[in-house]
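Just so you know, ligand 1 is whichever comes first in the structure, and atom 1 is the first atom listed for that ligand.
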Amino acid sequence: MNGHRFSVIGAKMEAMSNQTGHVWIVGAGPGDPGLITLAAARALEGAEVVLYDALVSPAILGHAPAPAERVFVGKRAGEQAMGQDAINALLVEHARAGRRVVRLKGGDPFVFGRGGEEALACREADVPFTVVPGVTSAIAAAAYAGIPVTHRGVSNSLLIVTGNDAAGDGAGAIDWQAASKAGTLAILMGVATLGDAMAALIAAGKAPETPVACIRWGTRADQVVVRGTVATIAELARAAGLASPVVTVVGDVVALGDELAWFAPGPLAGKRIVVTRARDQASDLVGRFESLGASVVEAPVISVRHTTEDLVSDERVSSRWDWIVFTSVNGVAAFFGALGAGGRDARSLSTTKVAAVGEATAAALTGRGVLADFAPTRATSECLAAELPRVQGARILLSVSSLTDDRLAMALRARGGLIEQVAVYETLPEPLDAERRREVGE
Ligand code: SAH
């Protein structure tokens, strides 16, 4: 995998020498972040641009390198963010600019994913592409409800259909006669029209007592399963308030789920959590809440801007200090950003002692090849101000935010230190858009 980290840089060089990039049409699996393929993870690790859908979790997007551009092109609150033609055009445009583009889609890209249309658009534009199949929700959601889609002596066929045509609106309408004869029937996208689909099956001769399971958010920690029969499921699903995304499985195999159900949703299932952290830093926290079953609303109310450009030629970032004090991960990231932008690295700190407040700050330093020389016994600035050794007469840089007050500086000055406080990043208020406001209001 290491080789692939490097390939991001490799890709940029390639992009400069060779005008055409490459598109990976990738299945992200049904939801559980463990259900993506190694090929998908590798494609993401090398991505410069990721176009992703609503059903893709942040934990999976996290396989892409931090600087990769992430473009949401799916549906939000029922509204398509971008039409299919626009998505196709964007894929081609990025690839023609020489980029490595990942088109990340829920489940399998060629199962009701319109991946075929995107592949055709690439072919037409002469853009090379790779298809990475994914674990489809049609099979995986059933599996996480304890339902094998085929089972010896019970069902020897699986038919996957879209429920979108259940209302019988013309072209491409489902052949419910044929569907009623499938050993196992999996219906995708059909929760709103479930009643019509079940009525159509009964009209086509399906036994009304055939077992049915509706699985919402299958394979995720917030999975919900509603069981019934062809005759009862529509009412039961309505009563349970089931909304998209749901896979509906119809057939005698569903009864095996009574015995084989094995997957327990997480302890936060059914809870909604608002995360107000800055967008760049939220994904880890969001991923952890989601892995415990919570449904998370990301509503960043602050954003962080590194003042790297302003500091590139700032002597204070380079000159020799006796101590540099870092009080946050951002302080570390922004400082090293400024250092790097000036063509330098950790070696320019070789004669400097480094202090870190908090474990995450120390870890951020370790990640840049620097072991902190000092950490206060409690992770607070007050504690650092009291405990930092060899302060008298020492030249000390505080690498902090624009909002940091001067208490730490004052306290260290009072101990005889020569203190310079540099705001290496700004914390700015971030307005919530209307949809986020509505979600938070709920
Ligand atoms: N390519 C996807 C399907 C895309 S169509 C795949 O192979 O899974 C979108 C539909 O997929 C949703 O309406 C829902 O029916 C189904 N779906 C996707 N993920 C799901 C999940 N985790 N749980 C239940 N249904 C899911």
Side-chain angles (χ1 to χ4, degrees), residues 24-37 40 51-60 73-81 84 87 102-119 131-147 149 158-167 172 174 179 184-194 196-197 212-227 233-234 237 240-250 254 257 261 263 265-266 269 290-291 293 295-296:
W24 281 261
I25 299 172
V26 176
D32 178 342
L35 293 180
I36 70 164
T37 63
L51 309 186
Y52 66 99
D53 282 344
L55 296 178
V56 174
S57 85
I60 289 171
V73 298
K75 274 187 193 159
R76 203 156 259 170
E79 299 272 307
Q80 189 79 40
Q84 190 61 49
I87 296 173
V102 168
R103 174 68 179 106
L104 192 59
K105 311 170 79 71
D108 180 278
F110 279 7
V111 177
F112 296 123
R114 304 190 74 168
E117 293 165 52
E118 292 167 2
V131 178
V132 180
V135 174
T136 180
S137 65
I139 294 173
Y144 273 53
I147 301 166
V149 290
L158 167 67
L159 177 67
I160 303 175
V161 301
T162 164
N164 263 352
D165 297 317
I174 302 300
T184 305
L185 175 67
I187 306 173
L188 270 55
M189 292 180 282
V191 70
T193 52
L194 195 58
D196 297 322
V212 180
C214 284
I215 305 134
R216 178 168 200 235
W217 286 128
T219 80
R220 302 199 339 169
D222 54 350
Q223 167 175 301
V224 174
V225 182
V226 175
R227 292 161 197 284
I233 193 73
L242 274 203
S244 178
V246 169
V247 169
T248 301
V249 185
V250 183
V254 170
F263 176 68
E290 284 180 343
S291 72
S295 106
V296 178

Residue pair Asp53, Arg103: steps toward the salt bridge (Lys or Arg N to Asp or Glu O under 4.0 Å) verdict: CA-CA 9 Å; Asp53 282 344; Arg103 174 68 179 106; 3.0 Å; yes
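Of the N or O atoms in Gly218, one or more lie within a sub-3.5 Å distance of an N or O in ligand 1. Taking only nitrogen or oxygen atoms, main chain and side chain alike, Val135 does not reach within less than 3.5 Å of ligand 1. Among the atoms of Pro30, some N or O lies under 3.5 angstrom from an N or O of ligand 1.
Taking every non-hydrogen atom of Leu55 and a distance limit under 4.0 Å, the qualifying atoms of ligand 1 come out as 18 (C), 19 (N). Residue Leu188 has at least one heavy-atom neighbour below 4.0 Å for each of these atoms of ligand 1: 3 (C), 11 (O), 15 (O), 16 (C). Set against the non-hydrogen atoms of Thr136, the atoms of ligand 1 under 4.0 Å away are 6 (C), 7 (O), 8 (O). Those atoms of ligand 1 that come under 4.0 Å of a heavy atom in Phe112, given as number and element, are 4 (C), 5 (S). Atoms of ligand 1 lying under 4.0 Å from at least one heavy atom of Val247, given by number and element, are 24 (C), 25 (N), 26 (C). Residue contact check: Ile215 has heavy atoms under 4.0 Å from atoms 24 (C) of ligand 1.
A distance-only check finds a donor-acceptor pair linking the side chain of Thr37 to the backbone of Ala40 [under 3.5 Å]. Between the Arg114 side chain and the Gln84 main chain, no donor and acceptor come within less than 3.5 Å of each other. Side-chain atoms of Ser137 do not come within 3.5 Å of backbone N or O of Pro30 as any donor-acceptor pair. Judged purely by atom type and a 3.5 angstrom limit, Thr219 has no side-chain atom pairing as donor or acceptor with the backbone of Ala141.
For atom 1 (N) of ligand 1, the nearest non-hydrogen atom from the set Thr162, Asn164, Leu35, Val111 comes from Val111.
Nearest heavy atom pair, residue Val226 against residue Ala237, reads CG1-N, 4.3 Å. The two residues Ala221 and Ala269 make their nearest non-hydrogen contact at O-CB, 3.8 Å. The two atoms that bring Phe263 and Tyr144 nearest to each other are CB-O, 3.4 Å, heavy atoms only. Considering every non-hydrogen atom in both Met189 and Asn164, the closest pair reads O-OD1, 3.3 Å. The shortest non-hydrogen separation linking Val254 to Val249 is CG2-O, 3.3 Å.
Residue-ligand proximity: Pro245 is placed with a non-hydrogen atom under 4.0 Å from ligand 1. The shortest separation from a heavy atom of Thr219 to ligand 1 is not under 4.0 Å, leaving the residue out of contact.
Among protein heavy atoms, the minimum distance from atom 9 (C) of ligand 1 is reached at Met189 CG, 3.8 Å. Nearest non-hydrogen protein atom to atom 16 (C) of ligand 1 is Ser137 OG, 3.4 Å. At the shortest separation from atom 2 (C) of ligand 1 among protein heavy atoms lies Gly106 O, 3.2 Å.
Contacts between Val246 and ligand 1, counted as non-hydrogen atom pairs separated by less than 4.0 Å, involve the backbone only.
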